[in-house]
Amino acid sequence: MTSSEPLSTLQAPPAQFDLPGLEEGILQLWAERDVEGRSLREGAAAARGRSDRPSFAFNDGPPFATGLPHYGHLLPGTIKDIVPRYQAMCGFAVERRFGWDCHGLPIESLVESDLGVHGQAEIEAYGIDRFNAACRAGVLRFTKEWETMVRRTGRWVDFENDYKTMDPSFMETVWWVFRRLWDEGLIYEGFRVQPVSPALGTPLSNFEVAQGPQEKDPVTRKEGHKRIADPSLTARFRLEDEDASLWAWTTTPWTLPSNLALAVHPDVTYVKVRLVDTGEIAYLEPGRLADYQARGRVGATEELARMPGRELVGRPYAPLLPFFERYREREDGSRWSFKVVAAEYVTVDSGTGIVHQAPAFGEDDYQVGQREGLPMVRPMGLTGVFDDSVGGFAGMFAKDADKAIVARLKAEGKVVDHDSIVHPYPHCYRTDSPLLYMALSTWFMKVEPLRERLVRHNEAIHWVPEHVGTGRFGNWLAAARDWNLARSRFWGTPLPIWRCDEDPSDMVCVGSIARLEQLAGMEPGSITDLHRENIDPITFPSAKTPGGTMRRVPEVFDCWFESGSMPYAQSHYPFDQSKRQYVEEHLPADFIAEGLDQTRGWFYTLHVLATALFDRPAFEHVIVNGLVLAEDGKKMSKRLKNYPDPADVIRQYGADALRAYLVNSAAVRAEPMRFSERGVRDTVRKIVLPLWNAYNFLATYARADGWSPSSQTLGHRPSAALDRWILSRLQAFVGQMRTELDAYALSNLVPSFYEICDDLNNWYIRRGRRRYWRGKGEGDASDKDDAYATLFQVLSTITHAIAPVIPFFAEWMYQRLHVDTGLAGEGEDSVHLMRYPQVDAGRRDEALERDVSAVRQVVNLGMAIREREKLAVRRPLATITVASPDPEVRRAVETGREDLLGELNVKELRVQEDDRGLVELSAKANFKTLGKRLGKKMKAVAAAVAAMDAAALTAYLKAGSVELEGETLGEGDVLVVRETIGEQAAEAAEGVTVVLDTAQSDALRREGLAREIVNRVQNLRKNKGLEVSDRIELRLTCHGELAAVAGDPELAEMIKGETLATALTVVGDPAGVIDAGLVDEDERFEIDGETLRVAVAKDA
RNA sequence: GGGCGUGUAGCUCAGUUGGUUAGAGCGCUGCCCUGAUAAGGCAGAGGUCGGAGGUUCAAGUCCUCCCACGCCCA
């Protein structure tokens, strides 16, 4: 980074490792060189058919911009960056447009709070135009923060060329989509039972219901709806075909005027009883009767008959209240209402086992009513006030009418029992009033007829993980219900249905702006916005009904309909001719990714609309991520502050660390993950630092040596086994990365990367580091070139391969390795514009990899022996004996002799086949091969195998088979286990035994001490901040054995050579002043109880 | 209430078609190595594999039920 440095060398690593700072620098570099822009514009051009590259279609799900991004966005955001980045490196042009979900309840609720205007009536009074203007102004309030955060995480996505669901072009395509469905006959008007806040006069969404007041159940301690006291009324419904009653129970007497049927469970047994006191004959479920009697609400009874519920079905009863008697019979005289019907949902947990049905006021009731063809009776509007159809109750609020209704029924002798009950009940989140459930008119898309096609197209989708597609999503599709896609709201895409005010069946569905202008006789181009305030006033005369005026229906679309239309609407399909072909060719899109919670959300709506419109799936590959939980396993909660601010985490550890941490978690397999700040910190140490260290090593020595890469470096084929080994491992690594990325399986990327870094740092560089130390003219120059070229190739390839995962650090490495050194050509100024590495199968050598594994295993065994015997590695030993019956292992160990001796600091290697005298043989049955064959005999045979003695085992090994318990055991059926005998310094593993000769000769001991001295000097060099190539003058003050070592000419040369000392002065210490601590200058060390004083001076 | 997941060491997670003594990383303890390393190596402590039944010669793994947690839907 000093300006005097020539550009063709590897830059010195920064003194401090500061990943966040490094990332900021890379962001700046990307901006200065327009790197991101070049990549994104390539994708955008492809969408218009103006790129020579093949295109890869990625569709981004739009988030609501009403809140700030959190980990639930950053995790899918990382996935959405890795895959397109990889595909771009594979030569595809990838369009990556950011999207904003602008409509819907989140923003409407915010604006309601801001304005203090709540519910339909208030908003209409306030003015839809002003209300929507406030939504428009507020919905993008955090887009800058989003952009900043998303960019800071390294995600490349096009914000300039973004899409918004409130854009007129987007909304027009939504109209087009709807019109297509309308033409296909997939749209119908129907009812849906919805919770209504009578105080607001507005239906509420599930989300709003969940926002309502909560409290704990006093018994179960579970959180639930706020509790309320309601009437508990059991009424008698007089049968018309017998002098008897059906008893039914309700907690909502206000729905009784609308009663149209009574439901029984077809398979439950009911009883007919006579009440001893009154002689009344009644039907109900016997267990429930016993409950009433136990509570003293009903007296003694006499059982008359028993029958299953299905035998009661169809029996007529007299209306409890007279208001809707006209629905008793149909025009053809058949029984219509006021009869017993069957319903599977009826339970015997409460009430009488016979359930009052008011189809307009309950989801279950509504379903039964639809099935039975019952009329729709709803004597009230959204405010819950009875209308004139219910006589004396007219004008009363539903809940207030309870008392009057009960009183009237009592007076008419129709009440069996009247009590009160406290139970959880949903309340309005805004006004705290109890909600009323009622059937409201709305618009549906027919999904049920599409089920078979939905399931079939789902089979073509590649789900990661698979179970989400086959399980959760597949089940949902197979049971898909018609989709209520209208909302009684204000800020959304209006339903493009105009209906005649004279004849409600006279309707027009408008599929484009131009068509509306034409119908309304407006100038082309005069409609510039499609929100309600601009569209609702547009009317036109009916073509069918003379004198009728066509007016838009009031509803807007469910915002999921809009996000499901995104593949078409983001490109203004089919209106924008330049992108028509792209849209049609890229359905299904190649790739999408979102959280598990989108299964019934975006994934579903995309799939339903693509199936309905084009008879295709909407996407080909999808990665589903799990939820990010706080470290305590709970949901992340702003209120609880149980998670760190993402911006702080990035500032402290870097975005690469966060990305690698997230993508290395179970969350990429759709499992929930617990976010831990420590996990991010560990990721820096485990993932980024190893690569940085490796670069640091290369740069340090290359600079000292004046080595720099040339265009030949990357193709260089070294001959040394160590080089060929790491290059082979590199091919394996690239292969793993490609396989995983091609399969959209991201969970093994980081582990594979970690493995190659480990091999690089802890074997390749560690074993090969002396190759880089040789000064000019020393040793084999071509070997040194091999070493540099190999290390450079490895770092370069790793950098390319890991770039999609850690884009910042990979870019930093690339800049150092390729750009600063002048290797990168025109247009090659960013790693992200380069091609993803190919596997060079010719450089893979699996036999060599196995050999190195064998050597490393022997090293580990040797280390274990040294540990156990307390033999420091710095102290040389005379011999190591490796015994193995496997010729492959013996050959591998011989080949790796140098590494083995070097690592273990041993002088001589002996390899032998015979391990007799070193190990004891014992045997175990191989359950895997024998289990299936032997079955119940397995236990006896296993015992016989375990009892085999050394002689029997040797015989088995020779013959390859043995006869036991009448069974012939062949090769592999008996597993021979070797254990070292007695006290010797030996370790055994499968197929190999290692023994160390622990005897220390004087010569070995002196050499060990010399190495101790070297170690102290090296530490001192480092502490003094000397460069690895600096020469020093060295002065040692010591006495006794250390003085003898330092005075030995051979050892002194060794010390000088290792420490780059040009001069070594040994000062005796006859007075013992250093032992006495009288000397405090320089450094003092203890070695084997003797004191050493070291003085180091840089040789000028 | 239903669907789909999850539950294995203090923490984060592996654990193949059932197979012997259940593994790794982090953290902890001890020792070692370091002429790039903020790393690394060796060892130790730490487990009723959520619980209970069952199938099997053999169950963390298969079956049934239950418990807890999560998402979605009622």
Side-chain angles (χ1 to χ4, degrees), chain A residues 13 16-17 206 345 347 363-364 465 467-468 470-476 478-479 481 595-601 604 624 626-627 629 631 633-635 661 664-666 669-676 678-679 681-682 684-686 688-701 747 751 754 757-758 761-763 765-766 769-770 772-773 856 859-868 870-874 903 905 924-932 934-942 945-946 975 977 987 1014-1015 1017-1019 1021-1022 1026-1030 1058-1060:
Chain A
Q16 286 286 314
F17 184 74
N206 289 335
Y345 83 85
T347 66
E363 175 63 23
D364 291 323
H467 68 76
V468 178
T470 52
R472 186 184 279 239
F473 196 66
N475 292 344
W476 178 248
R481 291 174 54 189
L596 188 60
D597 53 344
Q598 293 298 324
T599 313
R600 265 89 151 166
Y604 177 71
V624 185
L627 199 75
L629 302 173
E631 192 159 14
K634 297 199 179 100
K635 260 193 208 181
Y661 170 68
N664 192 33
S665 74
R669 292 186 301 272
E671 286 169 27
M673 74 170 288
R674 292 182 180 201
F675 184 88
S676 119
R678 227 179 44 191
R681 189 196 67 196
D682 291 346
V684 180
R685 293 167 42 169
K686 230 178 132 162
V688 189
L689 279 175
L691 195 54
W692 186 76
N693 288 331
Y695 172 77
N696 219 342
F697 176 84
L698 173 65
T700 303
Y701 285 96
S747 56
Y754 176 73
C757 288
D758 184 64
N761 283 319
N762 296 322
W763 192 255
I765 293 180
R766 182 181 167 83
R769 61 189 158 192
R770 278 180 181 269
Y772 304 84
W773 301 345
R856 292 181 75 173
V859 168
N860 284 348
L861 292 172
M863 290 292 183
I865 299 170
R866 277 189 173 271
E867 156 76 19
R868 205 180 56 228
K870 300 280 176 227
L871 293 167
V873 181
R874 221 177 277 130
E903 277 297 290
N905 195 15
K924 270 182 187 171
N926 185 347
F927 281 75
K928 206 162 186 172
T929 62
L930 294 172
K932 277 209 176 88
L934 300 182
K936 285 185 197 264
K937 259 188 115 173
M938 189 65 224
K939 266 185 183 156
V941 172
V945 169
L975 302 174
V977 181
E987 283 283 332
V1014 169
N1015 169 258
V1017 177
Q1018 303 292 28
N1019 288 342
R1021 281 184 61 121
K1022 197 191 284 184
L1026 295 179
E1027 295 284 319
V1028 291
S1029 52
D1030 286 341
E1058 290 291 311
T1059 60
L1060 297 187

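Note that the structure is a prediction, hence the values are computed from the model and not measured. Just so it is clear: chains get the letters A, B, ... in the order the sequence lines come, proteins before strands, and each one is counted from 1.
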Between [options], which nucleotide has the shortest distance from any of its atoms to the side chain of [X]?
X       : options                : value
N693(A) : G40(B), C72(B), A36(B) : A36(B)
R874(A) : C33(B), G40(B), G3(B)  : C33(B)
N475(A) : U37(B), C4(B), C13(B)  : C4(B)
N696(A) : A36(B), G40(B), G35(B) : A36(B)

Length of the line joining [X]:[atom1] and [N]:[atom2], which is rounded to integer Å:
X       : N      : atom1 : atom2 : answer
L596(A) : C72(B) : CG    : C1'   : 8 Å
W763(A) : U34(B) : CH2   : P     : 15 Å
E363(A) : C73(B) : CD    : C1'   : 12 Å
N761(A) : A39(B) : CG    : P     : 12 Å
N860(A) : G40(B) : CG    : P     : 14 Å
R685(A) : U12(B) : CZ    : P     : 18 Å
R669(A) : C13(B) : CZ    : C1'   : 8 Å
L629(A) : U12(B) : CG    : C1'   : 13 Å

Notebook entry, point to check: Can you list the steps and then say if N696(A) with W692(A) is a side-chain contact (heavy atoms from CB on, under 4.5 Å)?
Noted result: CA-CA 6 Å; N696(A) 219 342; W692(A) 186 76; 3.4 Å; yes
In whole Å, measure the gap between the [atom1] atoms of [N] and [M] for me.
N      : M      : atom1 : result
C65(B) : G70(B) : P     : 22 Å
G15(B) : G53(B) : C1'   : 25 Å
G18(B) : G5(B)  : C1'   : 23 Å
U29(B) : A22(B) : P     : 27 Å
C26(B) : C63(B) : C1'   : 37 Å

Item checked: Step-by-step side-chain contact (heavy atoms from CB on, under 4.5 Å) determination, N761(A) to R766(A) -> CA-CA 6 Å; N761(A) 283 319; R766(A) 182 181 167 83; over 6 Å; no
Notebook entry, point to check: Hey, is the main chain of D682(A) close enough, under 3.5 Å, to the side chain of Y661(A) for a donor-acceptor pair?
Noted result: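 No, because the side chain of Y661(A) does not come within donor-acceptor range (under 3.5 Å) of the backbone of D682(A).
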Margin query: On RNA chain B, compare the nucleotides closest to V873(A) and D597(A); which residue's is nearer the 5' end?
Written below: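 Result: V873(A).
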Next item on the list: Between L627(A) and I865(A), name the one whose nearest nucleotide on RNA chain B is closer to the 5' end.
Entry: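 Residue closer to the 5' terminus by nearest nucleotide: I865(A).
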Checklist line | Residues R866(A), N905(A); criterion side-chain contact (heavy atoms from CB on, under 4.5 Å); working and verdict | finding: CA-CA 11 Å; R866(A) 277 189 173 271; N905(A) 195 15; 3.9 Å; yes
Next item on the list: Please check the phosphate of C11(B) (OP1 and OP2 only) for any side-chain N or O of R674(A) closer than 4.0 Å.
Entry: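 So the side-chain polar atoms of R674(A) never come under 4.0 Å of the phosphate oxygens OP1 or OP2 of C11(B).
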Check: At what distance, to the nearest 0.5 angstrom, does CZ of R769(A) lie from OH of Y701(A)?
Finding: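 The CZ atom of R769(A) sits 8.5 Å away from the OH atom of Y701(A).
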Margin query: Can you give me the closest heavy-atom contact between C757(A) and L691(A), atom names plus distance?
Written below: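 The pair with the smallest heavy-atom distance is SG-CD1, 4.4 Å.
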Margin query: So which atom in R481(A) and which in Y604(A) form the shortest heavy-atom distance, rounded to 0.1 Å?
Written below: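 Distance-wise, the nearest heavy atoms are O-OH, 3.9 Å.
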Next item on the list: Tell whether R866(A) reaches the base of C31(B) with its side chain through a donor-acceptor pair below 3.5 angstrom.
Entry: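 A donor-acceptor contact between them is absent.
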Next item on the list: Could you provide the dot-bracket string of RNA chain B, using ( ) for intrastrand pairs, [ ] for crossing pairs and | for bases paired to another strand, with Watson-Crick or G-U pairs below 3.5 Å?
Entry: (((((((..((((.....[...)))).(((((.......))))).....(((((..]....)))))))))))).
Check: Any ion pair linking E903(A) and R856(A) (charged N to carboxylate O, less than 4.0 Å)?
Finding: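 Looking at E903(A) together with R856(A), the answer is no, because their closest N to O distance does not fall below 4.0 Å.
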Check nucleotides 59-62 of chain B against the protein and report each pair of N or O atoms closer than 3.5 Å, with its distance, or say if there are none.
none

Margin query: If the condition is salt bridge (charged side-chain N to carboxylate O under 4.0 Å, His left out), which residues does R874(A) pass it with, not counting sequence neighbours?
Written below: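 By the salt bridge (charged side-chain N to carboxylate O under 4.0 Å, His left out) rule, R874(A) matches E1012(A).
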